[in-house]
K.L.:
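The structure that follows is given in the form of structure tokens.
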Protein chains: 2
Amino acid sequence: MVNIGDVARAAGVARSTASYAMTGKRAVSDEVRMRVRQAAMDLGYTPNAGARALATSRSNVIGLLAQFLPDEFAPAMLQYLQGVTDTARDLGYDILLSSDADGRSALKRITDSRMVDGVVLLNVAEDDDRLPVLRAAAQPGALVGLPRDCTGVDVFDLDFEEAGRVMVEHLARLGHRELILVSQPEHVVERGGAYVWRLQNAALEAAAAKGITLHTVFGAATQPDIGRDLHALLDAHPGATGLLLNNEAAAAALPTVLRSRDLETPGDLSVIGRYSDEFARSFSLPYSSIESAPDRLGRMAVRQLVRRIENQVPESDPYVVRFVHPELVDRGSTALPASRQ
Amino acid sequence: MVNIGDVARAAGVARSTASYAMTGKRAVSDEVRMRVRQAAMDLGYTPNAGARALATSRSNVIGLLAQFLPDEFAPAMLQYLQGVTDTARDLGYDILLSSDADGRSALKRITDSRMVDGVVLLNVAEDDDRLPVLRAAAQPGALVGLPRDCTGVDVFDLDFEEAGRVMVEHLARLGHRELILVSQPEHVVERGGAYVWRLQNAALEAAAAKGITLHTVFGAATQPDIGRDLHALLDAHPGATGLLLNNEAAAAALPTVLRSRDLETPGDLSVIGRYSDEFARSFSLPYSSIESAPDRLGRMAVRQLVRRIENQVPESDPYVVRFVHPELVDRGSTALPASRQ
DNA sequence: TCGATAAGTCGAACCGGTTCGACACGTCGA
DNA sequence: TCGACGTGTCGAACCGGTTCGACTTATCGA
């Protein structure tokens, strides 16, 4: 394998000069720079990543800790990955992916061994057990998802409180008086998915403020069950004129349920979901929804992480907790309320 | 950061001895081994990955080249990733993930810089432009998907020919005389997805051998279109009693289509799909299907790759092209044919 | 009892980059 | 005309591991 010594020899200069010519970290005469470049091209030189990492203590790799949970909806996870990998590549970083169930030890390994310059954590739980490890690490970290304690890390998440309010207030404004909110299943909440509560509580508050009835329920995460849940809900609350879905599986199952009950949106029922535009497209869901923007969150996390790695953010600079404002994408599934009788 | 010198000093031995004590590459007295281990624990020592890679020319990282295409179905891709990452971790390797649209340059970069010890390629096209780069690389590679030219790499794929035969022969045995096969959209084929042809041609041959009529069509890959396609097909071929689906989107859309036409499986129509069990579960698809086993393919590719990296496969050992035998998972969606009139 | 062998340890060199200090040269201002 | 300064280049040291050859000591068989 050709190394920088070979390049230097071919160009007739010292190794250090070859290095400076290629990295630009010191002034080099135009003529020498050309000779070195040419030699590197001719020999097909590529710097050895390990050697460079050793010398600079920088690997140009970002660690990505995901967890592929069976009840997470796959399309959303892939969008996170996409946002993260694309942005990293644009900024000159590669991605070291870990989907290890034991996130703690995976995180410790890749940070302690200096394989990565920084870390992005996905599926962050309210009391995420990876956070202590991350805080003890020498590298900075960015989270997608809001933990209870945000010290020492940069945090990005959808503003689920605002999302809950937007959903309720949108339908309230149209005159609805009784709504149903279907959340993620309870075990997602138990695992630390506090966003479920955040949206639900804000929705309940907004409903109370408007004097609206809001029925809340944790729906299942898989198809046959969630379909049954939806039927049962519509049976149980015949006066409800609006349906709010903080549950991807429920949104995917709804068209079939409504068809079999001969209900139409928005004529018989107004519906607002919470999922990504990509998700809506791939299932061709006709419901207005709060855009959950997974790719955008991944992108933001990487951007900030790289800023910190490259110290454009001085050490003293405060860590950020940034919420993406929930945007309601209108697909025409809401209207004035009509009795469902 | 604590390095091996610190550990050696704390244990009262030479750096080399500390190294031998930890790697076990030379005999070391029990007493010294204990002292070194203890010192390493006390100091919280973790070897520097870059330094080790430089010294051993081994990174213990596997490159994973995927492409997140909008018309690939997300759940399947995630299953490939899962199979690859889990297996790699079990074998002591980390995963460097690239989803770069320009797979060629990404592959060249990570191999030339010695960041990885080997590479797994997903979404392999018939004339994949990454293959020349891979063959020129110093590291071994394993493919998921069958290219035209398999020299110099290990290849793993589902046996799509056999899958086509199994589908047709299963329904032929039940007495069906007219079938429809819905394949992936044409642009998947154009991109080099030869598996579409492989299944379709084998199915046509099998049908011819049995004297059965088989209508073939390239279906759309997204929901509203594929639903229309299915309706049109059922209209166009009222005599068909069996439906074969080599198209995930079609399978996902079928329940709605059948319900709206008031058709039941297997009473009115026998159906066989080709997708993973996981996919079937997450959409609760009630159709018997050929298991496409993406996680298993990922697992096999990594296993073989690691064998080659660690040279348990001597250089002379022939490269393998291994097909996973298609297994028909019976979900009760096939039966004796009935006229659909 | 002696030499061959094995076990255990050490120091030095090496992997392939980067970076620091020193130095040679040319230019400019006083 | 001379010293100060800026520019471009070089050699050596360093990052943190691994590995090779040499050396010491203990063990065994003849």
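What's counted below: heavy atoms across the whole structure, side chains too, no hydrogens, waters or symmetry copies. Chain letters run A, B, ... following the sequence lines, proteins first and then strands; every chain starts at 1. None of these values were measured; they are calculated from a predicted model.
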K.L.:
Under 4.0 Å from OP1 or OP2 of D/dG17: is there any side-chain N or O of B/Y45 that close?
P.N.:
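For D/dG17, OP1/OP2 do have a side-chain N/O of B/Y45 under 4.0 Å.
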K.L.:
Can you give me the closest heavy-atom contact between A/V7 and A/A40, atom names plus distance?
P.N.:
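Looking at all heavy atoms of both residues, the shortest contact is CG1-N, 4.0 Å.
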K.L.:
For A/N3 and C/dG16, is the shortest distance between a side-chain N/O and OP1 or OP2 below 4.0 Å?
P.N.:
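True: A/N3 side-chain N/O within range (under 4.0 Å) of C/dG16 OP1/OP2.
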K.L.:
Name all pairs fulfilling the side-chain hydrogen bond (donor to acceptor under 3.5 Å, both in side chains) condition that reach into residues 131-143 of chain B, sequence neighbours left out, sorted by first residue then second.
P.N.:
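Output for this query lists B/R135-B/T151.
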K.L.:
Rounded to 10°, tell me the angle between the two end axes of the helix from C/dT1-D/dA30 to C/dA30-D/dT1, each built from five pairs.
P.N.:
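The angle separating the two end axes equals 40°.
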K.L.:
What nucleic acid atoms does A/S57 come within less than 4.0 Å of, heavy atoms only: base, sugar-phosphate, or nothing?
P.N.:
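No contact at all - A/S57 keeps every heavy atom at 4.0 Å or more from the nucleic acid.
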K.L.:
Among residues at least two apart in sequence or on other chains, which ones pass ring-ring contact (aromatic ring centres under 6.0 Å, His included) with B/Y195?
P.N.:
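For B/Y195, the residues satisfying ring-ring contact (aromatic ring centres under 6.0 Å, His included) (neighbours in sequence not counted) are B/F160.
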K.L.:
Output one letter per nucleotide in nucleotides 5-14 of chain D: B when a protein non-hydrogen atom lies under 4.0 Å from the base, S when only the sugar-phosphate is that close, - when neither is.
P.N.:
---SBBBBB-
K.L.:
Sorted by first residue and then second, give each salt bridge (charged side-chain N to carboxylate O under 4.0 Å, His left out) pair with at least one member in residues 116-129 of chain B; sequence neighbours left out.
P.N.:
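Non-adjacent pairs meeting salt bridge (charged side-chain N to carboxylate O under 4.0 Å, His left out): B/R104-B/D129, B/E126-B/R148, B/D127-B/R148, B/D128-B/R130.
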K.L.:
Please determine whether a side-chain nitrogen of the Lys or Arg among A/D154 and A/R322 lies less than 4.0 Å from a carboxylate oxygen of the Asp or Glu.
P.N.:
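Salt bridge: no.
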K.L.:
Could you check whether A/S276 and A/S292, counting side-chain N and O atoms only, form a donor-acceptor pair closer than 3.5 Å?
P.N.:
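No donor-acceptor contact under 3.5 Å links the two side chains.
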K.L.:
What salt bridge (charged side-chain N to carboxylate O under 4.0 Å, His left out) pairs are there with at least one residue in residues 13-28 of chain A, not counting sequence neighbours?
P.N.:
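For residues 13-28 of chain A, and leaving out neighbouring residues, there are no salt bridge (charged side-chain N to carboxylate O under 4.0 Å, His left out) pairs at all.
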K.L.:
Within the pair B/K25 and D/dT18, is there a side-chain N or O less than 4.0 Å away from OP1 or OP2?
P.N.:
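Negative; the distance criterion is not met.
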K.L.:
Touch check for B/T56, heavy atoms < 4.0 angstrom, all strands: base, sugar-phosphate only, or nothing?
P.N.:
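B/T56: backbone/sugar contact only, no base atoms under 4.0 Å.
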K.L.:
Are the charged groups of B/R299 and B/D86 less than 4.0 angstrom apart, N to O?
P.N.:
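Salt bridge: no.
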